[in-house]
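These notes concern the structure reproduced below.
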Amino acid sequence: MRFEKWQALGNDYIIVERDALPFALTPERVQRLCDMHLGIGSDGILELAPADAPGFVARLRILNPDGSEAELSGNGAREAAMYLRRAGWTDQRQFSIQTAAGEIRPTILDDRTCTLDMGRARLTSGDYPGGAADGLGELTTPDGQTWRFQHVQVGNPQCAIHVPDAGELEALDLPAIGPGIERHEGFPNRTNVSFFRALAEDRIRARIFERGVGETSASGTGASGAAIAHVLRGGDSPVTVVLDGGELVVDVDESLLFTLTGWAEPVYAGELSATMLATLQAL
């Protein structure tokens, strides 16, 4: 079983081609592969397969390290797009990829950077069924903390929380706070969470707690949710989002169509040992 390890702003994924796998990627196998001690170690797996509809280069499946499936990942989708181009699936600068969230359209800018046309964000969705038309809400977590938030559906659910004070934002204990928001009863499919503040009219700082992952150095969809929330608060677009792992640029128009621009690069290619394959086969 061959694979490649890629990363984007420290958000790392294992990339595999479905038709070359010796078995299906069950949740148990995904968990083992993503384990940093017992497997390869990563923030998830990107499984690429031939498209099942005309006009697409490939179908992308995104698997979280807990074995659950994500509709979309901005960093993962950039890694997949750059991999597809490098691996010869396409020689086009612009092409389409199928995902559980629908079509995404990458435009390759150079050998490590691309822009993703992510479609139109929504402020109402089945991921926040009790929400108001503007997506604004308030929740209280089991520890008694109350948070005001902006719900944004960007292909997956985002709960963006504005934290105006710099010291407060940096001091937040995301591993302690995040689970209570991610799994709040108001979000039947769980939610991703971003905490952000404005640095300038077109620049924000954000920290991300990702559904099924935990605190991450970066998240493309998390950055998008925070950037859209910033624009809805009166900020300017395009928005540069400063994350622990680096910067992403999110361009949002008045109808909430948005693009995401950033880099992705390979770390290494490898092949699993016969021992590891046998272990996975038995799971």
Side-chain angles (χ1 to χ4, degrees), residues 9-11 43-44 64-68 70-75 121-200 203-235 239-245 248 250 252 256:
L9 282 72
N11 200 193
D43 290 324
N64 292 321
D66 67 355
S68 62
E71 302 93 336
L72 189 60
S73 162
N75 286 331
R122 294 179 287 121
L123 305 183
T124 60
S125 77
D127 293 311
Y128 179 40
D134 60 6
L136 292 171
E138 183 177 287
L139 61 83
T140 301
T141 51
D143 60 5
Q145 293 188 82
T146 297
W147 303 92
R148 295 181 181 275
F149 66 90
Q150 172 73 63
H151 170 70
V152 188
Q153 168 57 251
V154 297
N156 61 26
Q158 298 291 329
C159 173
I161 298 173
H162 180 242
V163 181
D165 182 77
E168 181 183 354
L169 176 60
E170 300 306 326
L172 289 175
D173 184 355
L174 265 60
I177 298 167
I181 302 173
E182 174 194 357
R183 298 178 179 275
H184 190 272
E185 62 184 8
F187 307 120
N189 300 317
R190 299 188 291 164
T191 189
N192 301 282
V193 192
S194 60
F195 301 85
F196 73 96
R197 73 178 186 91
L199 301 175
R203 188 176 180 87
I204 64 174
R205 161 72 172 131
R207 297 181 64 198
I208 309 294
F209 188 90
E210 197 166 9
R211 178 183 59 174
V213 180
E215 184 176 8
T216 63
S217 65
S219 165
T221 53
S224 298
I228 291 166
H230 173 68
V231 170
L232 290 170
R233 290 175 56 86
V239 184
T240 297
V241 185
V242 181
L243 301 155
D244 288 344
L248 294 170
V250 181
V252 190
L256 299 187

Item to check | Contacts of Asp244 that satisfy side-chain hydrogen bond (donor to acceptor under 3.5 Å, both in side chains) - sequence neighbours left out | outcome: Arg205
Rounded distance [0.5 Å steps], [atom1] in [X] versus [atom2] in [Y]:
{"X": "Asn189", "Y": "Ser68", "atom1": "CG", "atom2": "OG", "answer": "11.0 Å"}
{"X": "Ser73", "Y": "Asn64", "atom1": "OG", "atom2": "CG", "answer": "8.5 Å"}
{"X": "Leu256", "Y": "Leu123", "atom1": "CG", "atom2": "CG", "answer": "5.5 Å"}
{"X": "Ser217", "Y": "Asn75", "atom1": "OG", "atom2": "CG", "answer": "8.0 Å"}
{"X": "Leu72", "Y": "Ser224", "atom1": "CG", "atom2": "OG", "answer": "8.5 Å"}
{"X": "Ile177", "Y": "Glu215", "atom1": "CD1", "atom2": "CD", "answer": "9.5 Å"}

Give the minimum heavy-atom separation between [X] and [Y], together with the two atoms involved.
{"X": "Phe209", "Y": "Pro175", "answer": "CE1-CA, 4.1 Å"}
{"X": "Ala226", "Y": "Ala160", "answer": "CA-CB, 4.2 Å"}
{"X": "Ala121", "Y": "Val152", "answer": "CB-CG1, 3.9 Å"}
{"X": "Ala218", "Y": "Leu243", "answer": "CB-CD1, 3.9 Å"}
{"X": "Val241", "Y": "Ala206", "answer": "CG1-CB, 3.9 Å"}
{"X": "Asp43", "Y": "Pro65", "answer": "O-CD, 3.1 Å"}

Checklist entry - Please walk me through it: do Val231 and Val239 pass side chain to side chain contact (heavy atoms under 4.5 Å, CB included)? => result CA-CA 8 Å; Val231 170; Val239 184; 3.7 Å; yes
Item to check | Aromatic plane relationship, Phe196 with His162 - under 30° parallel, 30 to 60° tilted, over 60° perpendicular | outcome: tilted
I want to check something: taking the side chain as every heavy atom from C-beta on, are [X] and [Y] in contact at a cut-off of under 4.5 Å?
{"X": "Leu232", "Y": "Val252", "value": "no"}
{"X": "Trp147", "Y": "Val193", "value": "no"}
{"X": "Asp165", "Y": "Arg197", "value": "no"}
{"X": "Gln158", "Y": "Thr221", "value": "yes"}

Please confirm whether the backbone N or O of [Y] pairs with a side-chain atom of [X], one donor and one acceptor, at under 3.5 Å?
{"X": "Glu182", "Y": "Gly212", "value": "yes"}
{"X": "Asp134", "Y": "Leu136", "value": "yes"}
{"X": "Thr124", "Y": "Gly131", "value": "no"}

Checklist entry - Would the number of heavy atoms belonging to other residues, nucleotides or ligands and lying under 6.0 Å from CD of Glu185 be above 12? => result no
Item to check | side chain to side chain contact (heavy atoms under 4.5 Å, CB included) assessment of Leu9 paired with Asn11 | outcome: CA-CA 6 Å; Leu9 282 72; Asn11 200 193; 5.5 Å; no
Next on the checklist: What I want to check is whether the side chains of Ser125 and His151 have a donor and an acceptor closer together than 3.5 Å.
Outcome noted: yes
Checklist entry - In terms of side-chain geometry, is the basic nitrogen of Arg211 or Glu71 positioned less than 4.0 Å from the acidic oxygen of its partner? => result yes
Checklist entry - Does the pair Asp127 and Thr191 meet the rule for a side chain to side chain contact (heavy atoms under 4.5 Å, CB included), with working shown? => result CA-CA 8 Å; Asp127 293 311; Thr191 189; over 6 Å; no
Next on the checklist: Ile181 vs Cys159, test: side chain to side chain contact (heavy atoms under 4.5 Å, CB included). Steps then yes/no.
Outcome noted: CA-CA 8 Å; Ile181 302 173; Cys159 173; 3.9 Å; yes
